[in-house]
A.B. asks: 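Just passing along the structure, written as structure tokens.
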Amino acid sequence: AQSVTQLGSHVSVSEGALVLLRCNYSSSVPPYLFWYVQYPNQGLQLLLKYTSAATLVKGINGFEAEFKKSETSFHLTKPSAHMSDAAEYFCAVSEKGAQKLVFGQGTRLTINP
Amino acid sequence: GAVVSQHPSWVICKSGTSVKIECRSLDFQATTMFWYRQFPKQSLMLMATSNEGSKATYEQGVEKDKFLINHASLTLSTLTVTSAHPEDSSFYICSAADGLQEYSNQPQHFGDGTRLSIL
């Protein structure tokens, strides 16, 4: 069975600082991995996805994530945080051939001015 | 592209009434849509998978008779919360993936959610 663990339910960084949101997955088959962002009272917006191509994936709004099979990780990073990045971030995994997504618990990102 | 529209965005109603939530894929066809429930400050919990032209597949612990799902066309799925009670109050979100692609290779696109409050 698949599972996702997001380390840290709340991350706080200063504006301009590096953003690092951690995600570890468990899957019995090669996974597809996604990062989504959720703003208050809204649905989820796709930031980026890994689907067995390049291990370093670039997404929208300056975010990127690196798939590391040896570490079963898919951490999300952004070199310089912006106030508008404050939101809830979800890592998700799906197995090839399946549509069902399994979400992590989410990480709330706060940006300090 | 790949827009999913969910309606209504907010609904308040009395206990005992039924509430219907619509989920539409505006610019693509979706043979499968998903319904999630999200409690405050928590992750999304998959409730059911909605399949066009067939019965929905419910996750363990989700009451089929309480949460009725209909997927009558390739662009519309509805979730009806029947005889709603205060404990059904939550944020409900739908999603869909482009039905013409290998499913798991394509990201799901989410609606903006419906906040349901039962008094």
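All heavy atoms count here, side chains included; hydrogens, waters and symmetry mates do not. Chain letters run A, B, ... following the sequence lines, proteins first and then strands; every chain starts at 1. Everything numeric in this text was worked out from a predicted model, so none of it was measured.
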A.B. asks: Have A:Gln6 and A:Thr107 got a donor and an acceptor in their side chains that come within less than 3.5 Å?
C.D. replies: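 Result is yes, a qualifying pair exists.
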A.B. asks: Does B:His7 NE2 have over 12 foreign heavy atoms under 6.0 Å away?
C.D. replies: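 Incorrect, the count does not exceed 12.
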A.B. asks: Heavy-atom pairs under 4.5 Å with chain A: which of B:Leu44, B:Val4, B:Ile93 has the most?
C.D. replies: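 The answer is B:Leu44.
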A.B. asks: Let me know if B:Gln6 has heavy atoms under 4.5 Å from chain A in its side chain, its backbone, both or neither.
C.D. replies: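 Neither part; nothing is under 4.5 Å.
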A.B. asks: For A:Leu101, is it the side chain, the backbone, both, or neither that has a heavy atom closer than 4.5 Å to a heavy atom of chain B?
C.D. replies: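 For A:Leu101, backbone and side chain are both near chain B.
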A.B. asks: Check the side chains of B:Trp35 and B:Thr49 for a donor-acceptor pair under 3.5 angstrom, ignoring hydrogens and angles.
C.D. replies: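 No.
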A.B. asks: Using modelled atom types only, decide if a donor and an acceptor are shared between the side chain of B:His85 and the backbone of B:Glu87 within a distance under 3.5 Å.
C.D. replies: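 A pair under 3.5 Å: no.
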A.B. asks: Are side-chain N/O atoms of B:Gln38 and A:Gln38 paired as donor and acceptor at under 3.5 Å?
C.D. replies: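 Yes, A:Gln38 and B:Gln38 have a side-chain donor paired with an acceptor closer than 3.5 Å.
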A.B. asks: Please rank A:Gln45, A:Gln105, A:Glu88 by heavy-atom pairs under 4.5 Å with chain B and give me the top one.
C.D. replies: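 Among A:Gln45, A:Gln105, A:Glu88, the one with the most close pairs to chain B is A:Gln105.
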A.B. asks: Side chain, backbone, both or neither: which part of A:Phe90 has a heavy atom under 4.5 Å from chain B?
C.D. replies: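 The answer is the side chain of A:Phe90.
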